**Q** 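I'd like to ask some things about the structure below.
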Amino acid sequence: MKYLHAFILVAVLLLCVSCSPVEGWNMTELEKSTITIADEPEIVMKPIDEYVAMEAEKLNVEIQNTTDKLYIFEYKPGLEVKYTTEWYIVPLKEEAMWIEIALEAAPNSTTDQSFVLYDFYGTLPAGEYRYVKEFYNESGKVYSAVYFKVK
């Protein structure tokens, strides 16, 4: 009987650990990201602020096109949260909407851009995040990401 109780206790603890939120997220509900960012991307994104508040309205980013090619990108959101060494897609709020417009990253230029956070995701738990963007040109698409922490 003692062994049965011990087994049940261990099983419950393992279940709680596997389903417990990591930095405020239930990892069993998040989809693992399949996006890989190049070590030296053609488009470099840097956060203007090192830390972002949990209820931040926007993420302010510097986008640098290091090539002589014009790149186009969308306003479509793409937030991911880090758990151990893997990235997971942060789900959008059900009512999240954005304008489908094309933005330009001109050749050999730097521009500032703000991406909406709160309206798309609500209050973010503390943790490490990356905001992923797809950039398109006549040759195809490349990914870039800006990495930041929420405090």
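Keep in mind the model is a prediction, meaning the values are calculated, not measured.
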**Q** Would you please classify the geometry between the Phe135 ring and the Phe73 ring as parallel, tilted or perpendicular, with 30° and 60° separating the classes?
**A**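 If you compare the ring of Phe73 with that of Phe135, the planes turn out tilted.
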**Q** Checking side chain to side chain donor-acceptor pair (under 3.5 Å) for the pair Ser109/Asn65: CA distance, chi angles, key distance, verdict?
**A** CA-CA 5 Å; Ser109 70; Asn65 182 349; 5.5 Å; no
**Q** Is Phe115 reachable from Ile99 through a run of hydrophobic residues whose side-chain heavy atoms are each under 4.5 Å from the next?
**A**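 Yes.
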**Q** So, for Tyr147 and Trp87, is the gap between ring centers shorter than 6.0 Å?
**A**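 They qualify: ring centres under 6.0 Å apart.
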**Q** With hydrophobic residues grouped by side-chain heavy-atom distances under 4.5 Å, do Leu92 and Leu59 end up in a single group?
**A**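 The answer is yes; both residues are in one hydrophobic cluster.
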**Q** Which atom names give the shortest non-hydrogen contact between Ser114 and Asn60, and what distance separates them?
**A**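 That closest heavy-atom pairing would be OG-OD1, 2.5 Å.
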**Q** I'd like to check Val116 versus Trp98 (side-chain heavy atoms, cut-off strictly below 4.5 Å). Are they in contact?
**A**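 Contact flag for Val116/Trp98 side chains = no.
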**Q** Starting from Met45, can I reach Tyr136 by hopping between I/L/V/M/F/W/Y residues whose side chains sit under 4.5 Å apart?
**A**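 Unlinked, Tyr136 and Met45 end up in two clusters.
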**Q** Go through the steps for Val61 and Tyr131 under the test side chain to side chain contact (heavy atoms under 4.5 Å, CB included), then give the verdict.
**A** CA-CA 10 Å; Val61 175; Tyr131 202 91; 5.9 Å; no
**Q** Should Glu134 and Lys76 count as an ion pair when the cut-off is N to O under 4.0 Å?
**A**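 No.
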**Q** Any side-chain heavy-atom pair from Glu128 and Val81 closer than 4.5 angstrom?
**A**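 Sidechains of Val81 and Glu128: no contact.
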**Q** Should Phe148 and Tyr83 be regarded as members of a common hydrophobic cluster, given that ILVMFWY residues are connected when their side-chain heavy atoms come within less than 4.5 Å of each other, either directly or indirectly?
**A**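 Cluster IDs for Phe148 and Tyr83 match.
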**Q** Just wondering, do Glu100 and Glu74 contact through their side chains at under 4.5 Å, heavy atoms?
**A**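 Side chain of Glu74 against side chain of Glu100, heavy atoms only: contact under 4.5 Å found.
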**Q** Is there a side-chain contact between Tyr71 and Pro107 in this structure, where contact means two heavy atoms from C-beta onward sitting under 4.5 Å apart?
**A**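 Tyr71 vs Pro107: side chains apart.
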**Q** Can you tell me how far the CD1 atom of Ile72 sits from the CG atom of Leu103, to the nearest 0.5 Å?
**A**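 Spacing of CD1 (Ile72) from CG (Leu103) equals 8.5 Å.
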**Q** Report yes or no: does Ser144 contribute a side-chain atom to a donor-acceptor pair with the main-chain N or O of Lys133 at less than 3.5 Å?
**A**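 No; judged by distance alone, with no hydrogens or angles, the pair does not exist.
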**Q** If every non-hydrogen atom of Val132 is compared with every non-hydrogen atom of Ala145, which pair is closest and at what distance?
**A**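 Minimum heavy-atom contact is CG2-CB, 4.1 Å.
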**Q** Out of curiosity, does Val90 fall in the hydrophobic cluster containing Met27 (side-chain heavy atoms, cut-off under 4.5 Å, transitive links)?
**A**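 Met27 clusters together with Val90.
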**Q** Identify the heavy atoms of Asn137 and Lys69 that sit nearest to each other, and give their distance.
**A**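 Reported closest heavy-atom pair: ND2-CD, 3.3 Å.
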**Q** Under 6.0 Å from the NZ atom of Lys32, do we count more than 12 heavy atoms belonging to anything else shown?
**A**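 Counting other residues, nucleotides and ligands, NZ of Lys32 stays at 12 neighbours or fewer.
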**Q** For the residue pair Phe120 and Tyr75, categorise the inter-ring angle as parallel (less than 30°), tilted (30 to 60°) or perpendicular (more than 60°).
**A**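 Perpendicular: the ring planes of Phe120 and Tyr75 meet at over 60°.
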**Q** With rounding to the nearest 0.5 angstrom, report the OG1 to CD distance, Thr110 to Gln64.
**A**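 Atom-to-atom, Thr110:OG1 and Gln64:CD are 4.0 Å apart.
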**Q** With a 4.5 Å heavy-atom cut-off, do Ile43 and Thr66 have their side chains touching?
**A**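 In short, these two side chains do not touch, never coming nearer than 4.5 Å.
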**Q** Of all the heavy-atom pairs spanning Lys46 and Val146, show the shortest one and how long it is.
**A**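 Heavy-atom minimum between the residues: C-CG2, 3.5 Å.
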**Q** Just checking Ile101: does its CD1 atom have more than 12 heavy atoms from other residues, nucleotides or ligands closer to it than 6.0 angstrom?
**A**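 Yes, the 6.0 Å shell around CD1 holds more than 12 heavy atoms from other groups.
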**Q** With rounding to the nearest 0.5 angstrom, report the NZ to CD1 distance, Lys58 to Ile48.
**A**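 So the gap between those two atoms works out to 11.5 Å.
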**Q** Can Tyr143 and Lys141 be counted as having a side-chain donor-acceptor contact under 3.5 angstrom?
**A**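 Judged by distance alone, the side chains do pair up.
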**Q** Should Asn108 and Asp68 count as side-chain neighbours, where that means a heavy-atom distance under 4.5 Å?
**A**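 Side chain of Asn108 against side chain of Asp68, heavy atoms only: contact under 4.5 Å found.
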**Q** What are the two closest heavy atoms between Tyr121 and Pro91, and how far apart are they?
**A**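 Nearest pair, atom of Tyr121 first, then Pro91: CD2-O, 3.4 Å.
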**Q** Is there a side-chain contact between Arg130 and Ile35 (heavy atoms, below 4.5 Å)?
**A**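 Arg130 vs Ile35: side chains touch.
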**Q** Does any part of the side chain of Leu79, heavy atoms only, come nearer than 4.5 Å to the side chain of Leu124, both counted from C-beta?
**A**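 In contact.
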**Q** Under the side chain to side chain donor-acceptor pair (under 3.5 Å) test against Ser33, which residue among Glu86, Glu80, Lys82 passes?
**A**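 Between Ser33 and the candidates, side chain to side chain donor-acceptor pair (under 3.5 Å) is satisfied uniquely by Glu80.
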